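Structure record follows, encoded as structure tokens.
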Amino acid sequence: MKFMKLGSKPDAFQVDGKCIRHVTSDLATDIIIKVGDLKFYLHKFPLLSKSNHMQKLVQKASEDNCDEINMVDFPGGPNAFEICAKFCYGMAVTLNAYNVVAARCAAEYLEMTEDVDRGNLIFKIEVFLNSSIFHSWKDSIIVLRTAKSLLPWSENLKIVGRCIDSIASKTSVDPANITWSYTYNRKLSVQDKIVGDSMKLQEKIESVPKDWWVEDICELEIDLYKRVMTAVKSKGRMDGAVIGEALKTYAVRWLPDSVDALVSGVHSWRNKLLVETIACLLPSDNGVGCSCSFLLKLLKVAVLAGIDDSSKEDLVKRISLKLHEASVKDLLIPARSPQTTLYDVGMVQSIVNRYMTHEQRSQYVEPGKSAGFVLGHGSLLSVGKLIDGYLGEIAHDPNLSLTSFIDLSCSVSELARPVHDGLYKAIDIYLKEHPSLTKAERKKICGLMDVKKLTMEASIHAAQNDRLPLRVVVQVLFFEQVKAATRDQSRNSDARTTCVSKMGPDEEWDKTMGEDCRSLKKKMSEVETNEDGGQKNSKMGKKKSRNSKSGVQLLPSRSRRIFDKLWVVGVGKGHVENRSSETSGSSQSPSSAVVVRDNTTKSSGVPSRHRRHSVS
């Protein structure tokens with residue numbers, strides 16, 4: 001810390017009780033000056049020789065026959081006046097970053113200018129400020145902090161402005177040229193860490209990170225911090241990522257951790273001002289400078305503190321550009337009254353809507369150009385997974401309406417959900433936490449997912465899930481059987497390809513003719529079935545389903561019974577009755593009319609014309 005020593009005489013000021021200061025001298029004191037609660041017993045001559053204002057006050061006191069002068073609203077209080085008085089006596093006094101602003105304001109009040117005496121206190125303090133204080137990084141910050149309590153004097157004397165300009169200028173200096181000390185207790189950023197890992201030990205010690213200045217200015221009050229950051233940004237030489245790191249560090253330093261402390265009446269106004277200040281200082285780089293997690297934390301505070309809608313709208317816009325970087329925990333924004341839900345689902349809905357709008361614009365392809373879907377597809381998948389996880393979290397809320405759940409789910413593009421396991425999990429949680437849903441509501445929420453996009457594990461779980469409508473369970477079983485049949489057909493096709501490659505030309509021709517005949521016979525059978533009144537055909541032979549190992553392994557006992565009731569036709573019955581209205585036609589449900597033919601029922605004794613049945 002820089003300092004300046006003035007005067008050479010020993011300190012002769014003595015303390016007499018709590019409220020009296022006097023100078024020990026052979027001459028009796030002839031004037032009493034009251035500053036605040038303290039009275040100073042001094043001599044007129046030293047004071048009048050340095051202070052123009054004291055000359056005026058003493059003259060007025062003489063006219064009033066009064067030997068006591070009361071100085072009201074003296075800048076810096078008794079301590080600042082004592083510094084000026086000691087300077088007038090020529091006593092030793094030391095100026096530093098902590099007392100120089102008060103001394104400068106007091107000297108201005110007392111009019112200790114060059115017109116009164118050459119080399120007066122104002123001149124000496126200005127020299128000290130310009131040659132030492134404003135050249136020092138930490139001293140400039142200390143002076144700026146102390147200037148806060150001396151407004152408007154410090155502002156009028158341009159001490160605040162000069163400190164801010166000094167600090168902002170130093171932040172723009174090339175880190176390689178930093179020679180002064182600074183505070184840095186945070187972990188190195190990824191880039192600095194990568195660079196640091198390849199350096200030698202000495203080089204690591206001497207290296208300076210780009211955000212070296214961030215922590216030191218965190219001790220400033222909100223209004224001064226805003227002015228400093230505005231000056232830093234106006235220089236135009238600071239990277240947006242560093243600005244974002246500075247704002248994040250300041251927010252962590254001053255924002256409370258708990259929600260109760262955040263909304264408490266004591267600090268609510270201050271927290272609101274803090275968030276509004278940080279929001280207006282965010283770099284205008286489309287969110288590149290700040291992480292999505294930090295922006296979402298700001299939004300949480302903004303919602304709880306009740307800041308204006310324009311600031312929240314700006315945060316929502318920035319978050320939507322980086323939504324793929326968020327986590328489910330980041331999106332859990334507490335809801336405020338009069339909302340009855342635990343979390344502000346509407347806020348997340350607006351963020352997702354903005355993201356999807358931006359995504360659609362970025363995916364737009366002009367006519368004549370190739371599709372650029374690959375670009376940004378990874379972020380779209382991340383958002384789909386994020387929203388499914390968020391739905392699973394808010395599904396536990398008993399006050400969450402079905403409409404809110406469905407609207408948020410539908411706001412995500414189908415391209416973002418190649419797999420519906422996460423959505424199925426969220427739906428299952430919602431059904432569990434909301435048992436009072438009607439059949440129509442359960443069908444509506446289950447209609448959000450596509451059972452064809454469930455993995456094997458999710459399908460097994462769904463097939464045994466009592467909370468799902470029966471129609472959905474049937475869909476799951478049906479499409480898993482189709483997948484199993486497709487896998488078997490693929491394996492058989494590979495085997496046939498191997499055999500054909502070993503056949504001669506005549507054998508291959510015979511094989512092809514046989515397959516064509518079977519295919520023609522199959523088509524004719526389908527035509528016959530359609531004529532009998534079937535809408536859509538799906539064939540499953542008992543023998544084939546018994547031989548399909550993957551299909552058998554998929555179905556638990558309960559689901560096999562359901563499947564058998566719906567698909568296997570009993571001997572001697574013309575029709576199998578549909579016992580549930582939930583198995584009614586659907587765009588994703590299996591065929592409502594199925595013909596089952598069994599050519600191996602010799603022991604049944606039933607004519608073949610009785611073995612064709614329609615399942616409705």
Side-chain angles (χ1 to χ4, degrees), residues 1-4 95-98 100-101 125-148 154 158-221 224-253 278 281-285 288-291 294:
M1 179 184 294
K2 304 289 184 181
F3 67 92
M4 182 175 70
L95 296 177
N96 54 45
Y98 290 99
V100 66
V101 180
I125 291 178
E126 285 295 329
V127 171
F128 179 54
L129 287 172
N130 294 324
S131 63
S132 298
I133 294 296
F134 296 144
H135 286 271
S136 171
W137 166 252
K138 289 197 171 181
D139 286 348
S140 296
I141 296 175
I142 294 172
V143 167
L144 184 58
R145 291 176 60 192
T146 58
K148 172 74 174 178
S154 57
K158 302 188 186 313
I159 295 176
V160 174
R162 286 183 286 173
C163 281
I164 291 174
D165 186 67
S166 172
I167 294 171
S169 298
K170 288 178 175 59
T171 60
S172 302
V173 174
D174 186 349
N177 298 327
I178 301 298
T179 57
W180 50 82
S181 62
Y182 57 88
T183 304
Y184 198 93
N185 296 321
R186 292 165 293 117
K187 294 180 179 180
L188 288 174
S189 63
V190 176
Q191 294 180 350
D192 291 328
K193 188 176 294 185
I194 294 174
V195 174
D197 290 342
S198 61
M199 291 181 178
K200 296 180 180 178
L201 178 61
Q202 187 63 27
E203 291 175 335
K204 286 184 181 181
I205 296 175
E206 294 177 356
S207 64
V208 177
K210 292 180 180 180
D211 56 349
W212 61 269
W213 51 274
V214 166
E215 289 184 44
D216 284 324
I217 66 172
C218 280
E219 299 305 318
L220 297 174
E221 291 291 334
L224 292 176
Y225 181 83
K226 181 179 180 180
R227 293 178 63 179
V228 170
M229 291 301 298
T230 302
V232 170
K233 293 175 65 178
S234 66
K235 297 289 183 181
R237 296 193 291 265
M238 189 60 61
D239 184 66
V242 180
I243 296 291
E245 180 64 22
L247 297 176
K248 177 182 177 181
T249 305
Y250 191 78
V252 171
R253 170 67 177 82
I278 294 178
L281 290 173
L282 290 171
S284 55
D285 54 1
V288 175
C290 300
S291 66
F294 170 61

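Predicted, not measured: the structure shown is a model, and the values here were computed from it.
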Exceeds 12 heavy-atom contacts within 6.0 angstrom, atom CZ of Phe3 = no
Hey, what do you get for CG (Asp139) to CZ (Phe128), rounding to the nearest 0.5 Å?
-> 7.0 Å
Listed by chain and number, what are the side-chain hydrogen bond (donor to acceptor under 3.5 Å, both in side chains) partners of Thr171, not counting sequence neighbours?
-> none
Taking the side chain as every heavy atom from C-beta outward, state whether Pro209 and Pro175 have any pair of such atoms under 4.5 Å apart.
-> no
Kindly say whether the aromatic ring centers of Trp180 and Trp213 come within a distance under 6.0 Å.
-> no
Considering only NZ, NE, NH1 and NH2 on the basic side and carboxylate oxygens on the acidic side, decide whether Arg162 and Glu126 come within less than 4.0 Å.
-> yes
side-chain hydrogen bond (donor to acceptor under 3.5 Å, both in side chains) partners for Arg227, two or more places apart = Glu155
Sub-4.5 Å side-chain heavy-atom contact between Ile278 and Phe294 = yes
Under the side-chain hydrogen bond (donor to acceptor under 3.5 Å, both in side chains) rule, collect the residues that match up with Lys148, sequence neighbours excluded.
-> Asp223
Are side-chain N/O atoms of Ser166 and Lys170 paired as donor and acceptor at under 3.5 Å?
-> yes
Please check if the side chain of Ser136 supplies one atom and the backbone of Ile133 the other of a donor-acceptor pair under 3.5 Å.
-> no
Should the pair Arg253-Glu219 be classified as a salt bridge under the 4.0 Å nitrogen-to-oxygen rule?
-> yes
Find out whether Lys2 and Asn96 are in side-chain contact, i.e. whether some heavy atom of one side chain is under 4.5 Å from a heavy atom of the other.
-> no
Less than 4.5 Å apart, any side-chain heavy atom of Lys158 and any of Asp165?
-> no
Hey, are the side chains of Trp137 and Trp212 touching, using non-hydrogen atoms and a 4.5 Å cut-off?
-> yes
